[in-house]
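Below is one structure, written out as structure tokens; the observations come after it.
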Number of protein chains: 2
Amino acid sequence: MGTRRANTRSEILEASVDLFGNRGFAAVSLDDIAGVVGVAKQTVLYWFPSKDELLDAVLEQTAVELAAVIEAAVRAAPDEPLARVEAVVRAVFRPAVRRPGLLGLVREVSRLSPPHAERLTLRVQPFVRRATDYLGQEMAAGRLRRADPGLMVALAYVTVTGIATEQEALRAVEWPMTRSGLRRLRSELIEFVLAALRPA
Amino acid sequence: MGTRRANTRSEILEASVDLFGNRGFAAVSLDDIAGVVGVAKQTVLYWFPSKDELLDAVLEQTAVELAAVIEAAVRAAPDEPLARVEAVVRAVFRPAVRRPGLLGLVREVSRLSPPHAERLTLRVQPFVRRATDYLGQEMAAGRLRRADPGLMVALAYVTVTGIATEQEALRAVEWPMTRSGLRRLRSELIEFVLAALRPA
DNA sequence: ATCGCTGTCTACCATATGGTAGAAAGAGTG
DNA sequence: CACTCTTTCTACCATATGGTAGACAGCGAT
């Protein structure tokens with residue numbers, strides 16, 4: 001029985017991100033995950049000693065992935081606030097629609113137990129602070145609409161994750177999920193956020 | 001034993017809205033609900049024959065409540081698009097922060113089974129259509145930024161529900177949840193949405 | 001007083017789920 | 001080949017959960 005599979009651990013992580021993110025942590029059983037990976041439940045428990053520790057690993061991996069994407073986007077963008085915001089939204093958009101579970105998982109954090117939530121919050125904290133400081137500077141310089149920078153970060157975040165994760169909302173307005181529909185969605189989303197941030 | 005309680009059915013509904021909305025449908029057990037109401041699980045099952053039918057009733061009630069709030073706000077506002085948008089956001093804001101579960105429940109719909117989701121979607125459909133048509137007209141008249149009206153509805157929706165339900169996002173930017181903090185939050189939220197919709 | 005209806009509870013049940021124990025199977029090493 | 005280490009699986013277990021059956025108590029009507 002002990003045949004070595006390709007890379008069981010990361011397959012379990014990947015499946016868990018999708019399942020937890022799409023259906024919610026509580027709604028997913030270890031058997032569900034095992035079923036997707038094509039393995040017995042006990043194999044999951046071999047790699048992650050409990051469902052809770054699996055969740056921790058999943059959150060960790062998600063944080064790392066997203067951080068890398070955002071980091072790269074910011075680095076590559078010119079030093080102009082609207083261009084940077086656009087770059088970040090654009091960078092997050094692709095993984096978000098390809099794997100809605102990714103951002104769905106981040107959103108799931110609100111419902112998790114405080115210890116789990118706090119661990120992810122701490123991980124994200126430096127990003128938030130950097131973004132807040134940056135927006136604050138640019139507002140002071142008149143290159144962004146004057147507002148509370150922290151709140152603008154939060155608003156941009158909920159707008160992007162919301163539109164990316166709530167397929168129901170898009171279905172309600174009969175948005176076509178075709179390739180061109182997605183391109184259009186991305187550009188309208190960017191315009192929406194930029195319009196909200198542009199100086200008056 | 002058969003003493004009549006005040007209004008068990010509606011107490012169960014109310015508790016269920018909060019619990020389902022805050023923790024997610026799957027994460028809430030009938031015992032949890034019964035515990036909050038102060039009643040035995042079987043009493044819950046007496047009023048609602050199954051957890052699924054309870055969910056239906058909860059969704060129905062939520063839809064009716066929110067519809068009434070929005071309807072009233074639109075009716076009372078002057079016939080000017082930005083004022084109407086502001087009125088709706090303002091009207092939804094109060095119940096949203098007082099009972100995060102309300103909007104949290106709406107957001108939960110994405111994770112529910114298609115039959116449940118569809119029932120709520122159908123209920124909301126007429127509102128969406130009216131809003132879309134209205135925004136479309138006002139855009140054509142140049143009183144709103146020109147964009148896809150349906151998407152604007154979706155974006156405004158996810159922005160408002162997102163900021164109202166994701167307390168984690170607000171905690172991450174260290175937003176004070178005091179009375180004045182909430183007032184400030186409301187006005188910044190409105191400004192954000194209006195700035196995104198104002199004609200260029 | 002008794003009858004029946006309504007609402008609530010106690011006693012169970014079947015199933016699903018997270019988790020434990022330990023066997024077996026393959027691969028590398030002496 | 002024998003031995004060990006890693007990985008996977010089969011066999012269970014305890015608990016939680018949605019749901020059923022039926023007893024019991026208050027209340028209005030006859």
Side-chain angles (χ1 to χ4, degrees), chain A residues 1-61 105 108 111-116 119, chain B residues 1-61 105 108 111-116 119:
Chain A
M1 290 283 170
T3 323
R4 247 155 211 146
R5 295 170 43 87
N7 193 346
T8 311
R9 202 189 122 98
S10 61
E11 279 180 49
I12 292 172
L13 273 180
E14 197 180 337
S16 300
V17 170
D18 293 340
L19 288 170
F20 288 163
N22 288 324
R23 298 196 212 154
F25 178 66
V28 175
S29 74
L30 295 180
D31 278 308
D32 291 336
I33 297 168
V36 168
V37 178
V39 88
K41 173 174 67 172
Q42 275 56 30
T43 302
V44 176
L45 284 166
Y46 169 78
W47 290 103
F48 306 92
S50 74
K51 199 186 174 189
D52 258 43
E53 299 197 39
L54 170 58
L55 175 60
D56 277 334
V58 164
L59 291 175
E60 175 75 15
Q61 149 135 337
L105 185 65
E108 175 80 359
R111 345 194 97 149
L112 300 178
S113 65
H116 285 122
R119 232 167 308 178
Chain B
M1 291 279 170
T3 322
R4 246 155 212 146
R5 293 171 45 88
N7 193 347
T8 311
R9 202 189 123 98
S10 60
E11 279 180 49
I12 293 172
L13 273 179
E14 197 180 338
S16 300
V17 170
D18 293 340
L19 288 170
F20 288 162
N22 288 324
R23 298 195 211 154
F25 178 67
V28 175
S29 74
L30 294 181
D31 278 310
D32 290 336
I33 297 168
V36 168
V37 178
V39 89
K41 174 175 64 171
Q42 275 57 28
T43 301
V44 176
L45 285 166
Y46 169 77
W47 291 104
F48 306 92
S50 74
K51 198 187 176 189
D52 259 42
E53 299 196 38
L54 170 58
L55 175 60
D56 277 335
V58 163
L59 291 175
E60 175 76 14
Q61 148 135 338
L105 184 65
E108 175 80 1
R111 349 194 96 150
L112 300 179
S113 65
H116 285 122
R119 231 166 309 177

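Chain A is the first sequence line, chain B the second, and so forth, proteins listed ahead of strands; every chain is numbered from 1. Any value given below was found using the heavy atoms of this structure, including those in side chains, with hydrogens, waters and symmetry copies removed.
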I want to verify a distance call: between dA11(C), dA11(D), dT8(C), whose nearest atom is closest to the Val39(B) side chain?
dT8(C)
Value in whole Å for how far the [atom2] atom of [N] lies from [atom1] of [X]:
{"X": "Asn7(A)", "N": "dT7(D)", "atom1": "CG", "atom2": "P", "answer": "10 Å"}
{"X": "Phe48(A)", "N": "dG18(C)", "atom1": "CZ", "atom2": "C1'", "answer": "16 Å"}
{"X": "Lys41(A)", "N": "dT17(C)", "atom1": "NZ", "atom2": "P", "answer": "8 Å"}
{"X": "Trp47(A)", "N": "dC9(D)", "atom1": "CH2", "atom2": "C1'", "answer": "15 Å"}
{"X": "Leu45(A)", "N": "dG22(C)", "atom1": "CG", "atom2": "P", "answer": "17 Å"}
{"X": "Lys51(A)", "N": "dG19(C)", "atom1": "NZ", "atom2": "C1'", "answer": "12 Å"}

May I ask you to verify if any side-chain N or O of [X] is less than 4.0 angstrom from the OP1 or OP2 atom of [N]?
{"X": "Tyr46(A)", "N": "dT8(D)", "answer": "no"}
{"X": "Thr8(B)", "N": "dG7(C)", "answer": "no"}
{"X": "Thr43(A)", "N": "dC9(D)", "answer": "yes"}

Would you say the side-chain atoms of [X] pair up with the backbone N or O of [Y], donor to acceptor, closer than 3.5 Å?
{"X": "Asp32(A)", "Y": "Ser29(A)", "answer": "yes"}
{"X": "Arg111(B)", "Y": "Gly21(A)", "answer": "yes"}
{"X": "Asn22(B)", "Y": "Asp18(B)", "answer": "yes"}

Got Phe25(B) and Glu108(B) here, is their nearest side-chain heavy-atom distance under 4.5 Å?
yes
Taking C-beta and beyond as the side chain, do Asn7(A) and Arg9(A) meet within less than 4.5 Å on heavy atoms?
yes
In sequence, state the C-alpha distance, the side-chain angles, and the governing distance for Val37(B) and Val44(B), and then conclude on side chain to side chain contact (heavy atoms under 4.5 Å, CB included).
CA-CA 9 Å; Val37(B) 178; Val44(B) 176; 6.0 Å; no
Using a heavy-atom distance cut-off of less than 4.0 Å, which residues of residues 21-36 of chain B contact DNA chain D?
Val28(B), Ser29(B), Leu30(B)
